[in-house]
Amino acid sequence: MVQTHIYDVVIVGAGGAGMRAAIEAGQRSKTAVLTKLYPTRSHTGAAQGGMCAALANVEEDNWEWHTFDTVKGGDYLVDQDAAEVMCREAIDAVLDLEKMGLPFNRTPEGRIDQRRFGGHTRNHGESAVRRSCFAADRTGHMILQTLYQQCVKHEVEFYNEFYVLDLVMGTNDLGEKAVAGVVSYELATGEIHVFRAKSVVLATGGVGKVYKTTSNAHTLTGDGMGIAYRAGLPLEDMEFFQFHPTGLAGLGILLSEAARGEGGILRNADGERFMERYAPTIKDLAPRDIVARSMANEVREGRGAGPKKDYVLLDLTHLEPAHIDAKLPDITEFARTYLGVEPYTEPVPVYPTAHYAMGGVPTNVETEVLADNETVVRGLFAAGEVACVSVHGSNRLGTNSLLDINVFGKRAGLRAAHYAADESVSLVAMPEDADAGVVSTLEGIRGRESGERVAPLRQAMQETMDANAQVFRTEATLKQCLTDLAGLRERYSRVVVQDKGKRFNTDLLEAVELGFLLELAEVVVVGALARQESRGGHFREDHTARDDVNFMRHTMAYRAVDEDGREAVRLDYKPVVQTRYQPMERKY
Ligand SMILES: Cc1cc2nc3c(=O)[nH]c(=O)nc-3n(C[C@H](O)[C@H](O)[C@H](O)COP(=O)(O)OP(=O)(O)OC[C@H]3O[C@@H](n4cnc5c(N)ncnc54)[C@H](O)[C@@H]3O)c2cc1C
């Protein structure tokens, strides 16, 4: 039995972006939040280092410097109008959280304390600046708990462990392309629920699980990007993936950049502080793309540490243990627990780990989703890591994502409520068989008696992505990756699950998530192959320079069918919005 629900606003995802939106929408309209995880288990809760805003609490700063850093950090692929909005509204975003009760670390005078983070500078690159607000190294946890409390206070309705698997669109009274609602699967019962709403907000987070070595949680499978792509909407700049420099070697578990913000230093096997060679001015606090590439290069050139010379070292031994305990308690515990290393006295083995999707569902600064370079899908909004607005361009600066989810989450909640209240448009009709696609996908997988298992397919996908589409890329590695992915997709058409039951069938949902991952991995690689230049997180060894003449443009990837009737990725491009900053060579 399909159950139908009607709301003004439906928000998909209960991470930072979804709950920040829910606080606004929930006060203004009948709002439901659908989430596949319990809200407080969302990945935002794993964020460590901080959220930046030019508060100028501990040293001189202003939001214009922050905007410049964001644009330069993103290697000029940032839409500058969006970066201006984010950096200007950052200050209120932090103060909003403070008023909600978030326990930020404080200066002795009682102000919100701030620390350094990669690529954040004073006066357009002179020196590192203290811009990141934090709660020890568990800032994301505090944000998520604080937002959840506010949602409870405003009586937002949560549908927990509801997996949204399809987006339904139609036409509104004005003849515009508009959203009708979503189709979801309830994990506890296996039942299908259709949600109709005038406004839908996508806030489903990232897609780190296309890679094997990643800081991302198991659930970050890009569902929101996948359902938008299948619904015919474009995905923007998916080839830009961020590799965070300091994952625990061999594991990928994150050690926040706050470790370097608090004074940590990267060294190679010779003990050399190698970042002095790559970024003479701000050294270890250069943006992540540069640090990750420098580390990988040290390893390639034989200066890696350890028995296999396959990692570098994060040195905190010169810091006072009391300082480490006060500012970096969780991450130093990770080093002890997972690697058996004592950060007070020994350097920690680290290597880049897949961390953040710069690309996603394209939106304008009002968080309205775009169906092409200009047309807005009425009633559909996106915010957070699932979206591409694009404030991060080709490389996100650390602490700019917790900021992004708060600024654009709030905007999405306000816009969604506003659109839902517009009486000139009514609810878009939902087709009788709106659930048919989801039901046939699920029954197809569940009904199959023999075939390919999920885990080996997922592992093979992650391995080829790590080997061929990671920090360094070439035409040959990317083509190899595409061939591998095509083979895996063919095998996936015969995917089978052991659990045939209705209740808590996570086996079945993992199979569905793998379907999204495989399609999105292909979008990443097709975009990377076409982009014959190096910019931000995308580095082509066969095209090492940035090429503004041919590639100063956003990639827009659409799901299409090629001449032979096979499904394929079609690429188009969109201009970058430039306001006050002219592209320059990126030096630190
Ligand atoms: C280990 C780690 C540390 C980080 N540290 C920092 C930091 O210090 N500073 C910083 O700025 N950034 C940091 N980041 C990045 C930042 O935390 C994330 O980009 C951001 O929190 C994403 O928030 P979100 O709301 O978009 O998504 P998430 O918090 O990932 O939430 C996604 C939500 O969507 C729901 N969902 C997903 N798919 C479905 C579906 N099909 N149906 C229903 N619901 C669905 C999930 O249940 C979840 O509630 C870090 C990231 C990681 C992984």
Side-chain angles (χ1 to χ4, degrees), residues 1-13 18 21-22 24-26 28-35 156-157 159 162-186 191-204 223-235 360-364 366-383 386-387 411-441 558-559:
M1 248 306 278
V2 177
Q3 299 184 42
T4 303
H5 311 258
I6 300 183
Y7 283 88
D8 296 326
V9 177
V10 161
I11 296 170
V12 187
E24 301 302 332
R28 295 169 174 82
S29 47
K30 190 167 149 53
T31 300
V33 178
L34 277 57
T35 170
V156 172
E157 287 179 66
Y159 289 83
F162 273 60
Y163 284 65
V164 171
L165 300 180
D166 202 4
L167 181 66
V168 186
M169 294 199 289
T171 313
N172 69 9
D173 303 335
L174 307 172
E176 302 161 323
K177 191 179 183 111
V179 76
V182 297
V183 182
S184 70
Y185 173 94
E186 183 182 5
E191 276 172 13
I192 303 289
H193 297 252
V194 171
F195 284 79
R196 300 182 60 194
K198 270 169 76 177
S199 295
V200 170
V201 180
L202 297 175
T204 51
D223 307 3
M225 298 171 188
I227 59 178
Y229 182 63
R230 287 180 189 176
L233 301 177
L235 295 177
V361 177
T363 74
N364 58 23
E366 302 301 344
T367 71
E368 294 170 306
V369 170
L370 301 174
D372 51 42
N373 287 6
E374 285 130 32
T375 320
V376 160
V377 184
R378 303 289 282 162
L380 185 61
F381 306 85
V386 66
R411 284 184 157 237
L414 287 170
R415 287 301 286 203
H418 183 75
Y419 181 75
D422 179 354
E423 285 174 0
S424 68
V425 285
S426 40
L427 203 57
V428 172
M430 178 70 77
E432 281 287 324
D433 61 347
D435 62 323
V438 167
V439 172
S440 89
T441 304
Y558 295 82
R559 196 182 202 218

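Computed from a predicted model, the values in this text were never measured in an experiment. The residues of the chain are indexed from 1 along the displayed sequence.
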Between [atom1] on residue [X] and [atom2] on residue [Y], distance to nearest 0.5 Å:
X      : Y      : atom1 : atom2 : answer
Asp435 : Asp166 : CG    : CG    : 9.5 Å
Leu233 : Met225 : CG    : CE    : 13.5 Å
Phe162 : Ser184 : CZ    : OG    : 5.5 Å
Tyr185 : Glu191 : OH    : CD    : 10.0 Å

Glu157 vs Tyr7, side chain to side chain contact (heavy atoms under 4.5 Å, CB included): CA-CA, chis, key distance, verdict: CA-CA 10 Å; Glu157 287 179 66; Tyr7 283 88; 2.7 Å; yes

Keeping [X] on the side-chain end and [Y] on the backbone end, is there a donor-acceptor pair under 3.5 Å?
X      : Y      : value
Asn364 : Thr367 : yes
Lys198 : Gly181 : no
Thr363 : Val369 : no

Do [X] and [Y] touch side chain to side chain, with heavy atoms closer than 4.5 Å?
X      : Y      : answer
Val377 : Met169 : yes
Ile11  : Thr31  : yes
Val164 : Asp223 : no
Val183 : Ile192 : yes
Gln3   : Val194 : no
Val200 : Val9   : no
Arg28  : Leu414 : yes
Thr4   : Arg196 : yes

Can you name the nearest heavy-atom pair linking [X] to [Y], along with the distance?
X      : Y      : answer
Ser199 : Phe381 : OG-CE1, 3.8 Å
Val361 : Ala228 : CG2-CB, 3.9 Å
Ala417 : Ser29  : CB-OG, 3.7 Å
Val201 : Ala412 : CG1-CB, 4.0 Å
Asp8   : Ala420 : O-CB, 3.7 Å
Gly232 : Tyr558 : O-CD2, 4.0 Å

What residues, two or more places apart in sequence or in another chain, satisfy salt bridge (charged side-chain N to carboxylate O under 4.0 Å, His left out) together with Arg559?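 Arg559 satisfies salt bridge (charged side-chain N to carboxylate O under 4.0 Å, His left out) with Glu519, Glu567 once adjacent residues are dropped.
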
Below 3.5 Å, can you tabulate the donor-acceptor pairs from side chains in residues 171-179 to any protein atom, sequence neighbours excluded?
from	atom 1	to	atom 2	distance (Å)
Asn172	OD1	Leu174	N	3.0
Asn172	OD1	Gly175	N	3.2
Asn172	OD1	Glu176	N	2.9
Asn172	ND2	Glu176	OE1	2.8
Asn172	ND2	Tyr419	OH	3.3
Asp173	OD1	Ser426	OG	3.0
Asp173	OD2	Ser426	N	2.6
Asp173	OD2	Ser426	OG	2.7
Glu176	OE1	Arg378	NE	3.1

Counting only heavy atoms not in His418 (residues, nucleotides, ligands), do more than 12 fall under 6.0 Å from its NE2?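 Counting neighbours around NE2 of His418, 12 or fewer heavy atoms of other residues, nucleotides or ligands fall under 6.0 Å, so no.
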
Does the side chain to side chain contact (heavy atoms under 4.5 Å, CB included) test come out yes or no for Thr204 and Ile227, once each step is laid out? CA-CA 11 Å; Thr204 51; Ile227 59 178; over 6 Å; no

Verify side chain to side chain contact (heavy atoms under 4.5 Å, CB included) between Leu202 and Leu380, making sure each step is shown before the conclusion. CA-CA 8 Å; Leu202 297 175; Leu380 185 61; 4.3 Å; yes

Taking the six-membered ring for Trp, is the centroid-to-centroid distance between Phe195 and Tyr159 below 6.0 Å?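 For Phe195 and Tyr159, the ring centres are under 6.0 Å apart.
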
Apply side chain to side chain contact (heavy atoms under 4.5 Å, CB included) to residues Leu165 and Thr441 and explain how you reach the verdict. CA-CA 10 Å; Leu165 300 180; Thr441 304; over 6 Å; no

